[in-house]
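Worksheet: the structure to be examined is printed underneath.
Start at 1 and go down the list; that is how both ligands and their atoms are numbered. Side chains included, hydrogens not; waters and symmetry mates left out as well; all remaining heavy atoms used. The structure displayed is predicted, hence computed values, not measured ones.
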Amino acid sequence: MDPSSILVCLLCICAGSFIAYKKFLTSEKSTSTSKARWPPGPPGIPLLGNIFDVRSTQLHRTLTKLAAVYGPIMSLKLGMKNVIVVSTAAGARDVLQTHDSILAGRTVNDAARALRNHEISLVWLPSSAPLFRLLRVVCNTHLFSARGLEASRAVREQKVRDLVESLRKHHAGRAVDIGGILLSVLLNIMSGVLFSEDVADLSSDHESELETLIRDTVEEFTKPNLSDLFPALATLDLNGRRRNNAVHMQKLYDFFDRVITRRRKTARGDKNVDVLDELLQLHSEDRISLDTVKALLLDLFVAGSSSTAQTVQWTLAELFRHPAVMSKARQELESVVGSKEYPEESDMEKLPYLRAVMLEGLRMHLSGPLMMPHTAATDGAKIGGYPVPKGTQVIVNMWAIMRDPASWEKPEEFMPERFLGTDLDPRGVDARAFVPFGEGRRLCPGMHIAMWSIMTILAYVLHAFEWNLPDGMKPSDVDLTDRFRTSLHMVTPVKAVPTPVRR
Ligand code: HEM
């Protein structure tokens with residue numbers, strides 16, 4: 001939080017403190033939270049609690065340092081909010097497996113209430129809501145089932161080929177902004193699967209319309225909001241986040257409205273070709289509203305595009321820093337794919353080293369280092385033996401867990417070999433809790449498409465190009481400093497020069 005936001009915060013807090021403090025006193029007395037035995041945590045200041053302990057552009061690291069002092073199950077008070085931060089594999093199992101039915105709730109950010117989006121959004125609905133269950137079924141059966149994924153494979157492969165073609169045509173021999181072009185290709189993979197259109201131009205350095213709209217919406221969420229710290233003040237929307245987000249989200253809804261209008265003007269016969277066809281069919285059967293269709297498209301784009309692009313970018317950056325690992329991965333591709341222009345689907349399972357590279361990239365640079373905060377829907381759950389009262393927010397610091405020296409040898413080193421010959425699988429909380437996509441009711445619904453995208457993009461771009469750093473940069477010059485907003489960004493976006501190796 002910058003100094004001016006802190007000043008605004010303090011002024012607003014003075015104005016609202018009377019209401020908030022009264023509410024604070026009443027709620028402290030009347031809820032089960034007052035009787036709770038909270039885990040240790042840093043002492044807070046009256047009313048504000050620990051908000052100054054967690055102001056950081058690297059919240060995952062700040063929470064890891066605090067956990068080293070106060071313990072792997074730690075409590076914080078953020079304004080009126082009680083928070084438990086979990087930094088061990090055993091604690092993560094309590095949250096994601098043992099007490100998943102209670103702890104799969106969400107605390108709705110006030111900005112997410114714009115346009116009442118939280119009432120129809122998969123991300124914000126409580127896991128007990130019938131609409132939540134329906135949307136998860138829609139995702140699992142129509143969007144990302146084996147059948148659905150097979151149906152969209154040709155479209156997805158074409159988008160990755162477009163990336164290779166664009167790199168050959170427009171970028172060969174020039175330093176490429178890796179993050180920019182990856183986000184464009186991820187947006188096109190998503191839009192290709194969802195509604196068979198391209199939304200980004202790979203040959204242009206300009207941001208696409210959808211990218212701008214998503215960025216504006218996401219940024220509004222990441223700004224500090226008094227309404228979240230002091231829900232009693234939420235109706236006043238003192239920071240204007242809900243108002244601003246209503247504008248951004250309306251623009252996104254209008255974008256999807258135009259896609260739907262185009263679709264309705266195009267006769268497509270009886271056969272459903274893409275996800276939008278499936279969703280519009282569910283709408284015609286009165287199972288979901290048109291707003292829910294748009295909210296789902298919004299959720300999938302916002303949650304799916306940047307997270308996957310960031311992961312590929314981080315993994316490539318690690319490969320640029322570790323040329324020996326990169327050449328081992330390229331040798332494996334050479335021996336499996338040979339002189340074929342593009343790897344085939346059947347080649348992918350013959351690339352264990354590249355898969356290990358992907359998993360190590362996910363371990364070290366998880367795009368959602370703190371996952372998404374969960375909330376206790378009722379009393380009754382326990383984490384590390386501590387009771388978790390209803391309404392408590394639970395943050396799983398997966399970044400810390402996946403770098404815990406108690407579980408991982410040399411955790412700060414990029415060593416894909418650690419995944420070779422193991423059956424570590426991102427789908428289960430094993431002893432080490434390698435869970436980049438979460439587990440249980442809130443498991444990432446895009447996990448399969450994300451892993452396919454990461455693996456396929458890596459295979460295609462490593463097979464088609466030799467990659468060098470620009471202007472005499474050394475591998476050790478690649479800057480891996482991270483910054484956490486809603487996902488883990490590189491402070492210095494990585495650039496590299498692709499040189500085509502065949503054709
Ligand atoms: C490398 C890429 C990705 C990573 C690491 C990732 C990881 C995650 C994590 C950790 C969560 C939160 C789980 C929890 O709350 O316990 C999540 C939720 C979610 N992800 Fe992903 N994800 C990725 C890509 C995708 C893609 C490609 C899509 C869509 C196609 C997607 C859609 C979603 C949605 C809609 C949610 C919210 C689910 C809910 O609240 O029930 N994600 N993801």
Indicate yes or no: does an N/O atom of T308 lie under 3.5 Å from an N/O atom of ligand 1?
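There is no such contact.
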Inset, instruction - Say whether R441, considering both its backbone and side-chain N or O atoms, lies within less than 3.5 Å of an N or O atom on ligand 1. - result: no
Ignoring hydrogens, just give me the one of [options] whose non-hydrogen atom is nearest [atom].
atom                    : options                : answer
atom 37 (C) of ligand 1 : V123, I189, D100, L96  : V123
atom 17 (C) of ligand 1 : A450, P445, S127, C444 : C444
atom 38 (C) of ligand 1 : M371, M451, M447, R136 : R136

Heavy-atom gap [X] to ligand 1 smaller than 4.0 Å:
X    : result
M190 : yes
R106 : yes
H374 : yes
F132 : yes

Suppose we measure from [atom] to each protein heavy atom; which comes out shortest, and what is that distance?
atom                    : result
atom 13 (C) of ligand 1 : R442 O, 3.2 Å
atom 1 (C) of ligand 1  : T311 OG1, 3.2 Å
atom 23 (C) of ligand 1 : S307 OG, 3.6 Å
atom 6 (C) of ligand 1  : F437 CD2, 3.6 Å
atom 10 (C) of ligand 1 : P436 O, 3.4 Å
atom 28 (C) of ligand 1 : G304 CA, 3.4 Å

When you compare the side chains of [X] and [Y], does any donor N or O come within less than 3.5 Å of an acceptor on the partner?
X    : Y    : result
D277 : Q281 : no
D479 : T481 : yes
T62  : S56  : yes

The atoms of ligand 1 lying under 4.0 Å from a heavy atom of A303, numbered in the order shown, are 20 (N), 25 (C), 32 (C), 33 (C), 34 (C), 42 (N)
So, [X] side chain and [Y] main chain: donor-acceptor pair closer than 3.5 Å or not?
X    : Y    : result
S306 : V302 : no
E332 : Y353 : yes
R330 : L462 : yes

Hits for ring-ring contact (aromatic ring centres under 6.0 Å, His included) against H365, two or more places apart or cross-chain, chain-then-number order -> W314
(Q) Can you see whether W408 has R403 sitting over its ring - NZ or CZ less than 6.0 Å from the centre and within 45° of the normal? (A) no
task: Give the C-alpha distance, both sets of side-chain angles, the deciding distance and a yes or no for side chain to side chain contact (heavy atoms under 4.5 Å, CB included) between I260 and K294.
output: CA-CA 9 Å; I260 291 171; K294 288 182 266 179; 4.0 Å; yes
task = Classify the ring geometry between F434 and F419 as parallel (under 30°), tilted (30 to 60°) or perpendicular (over 60°).
result =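 Correct class here is tilted.
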Contact region, I449 to ligand 1, non-hydrogen atoms below 4.0 Å, reads side chain
Taken in chain and number order and not counting sequence neighbours, the residues that satisfy side chain to side chain contact (heavy atoms under 4.5 Å, CB included) with T64 are N397, W399, A400
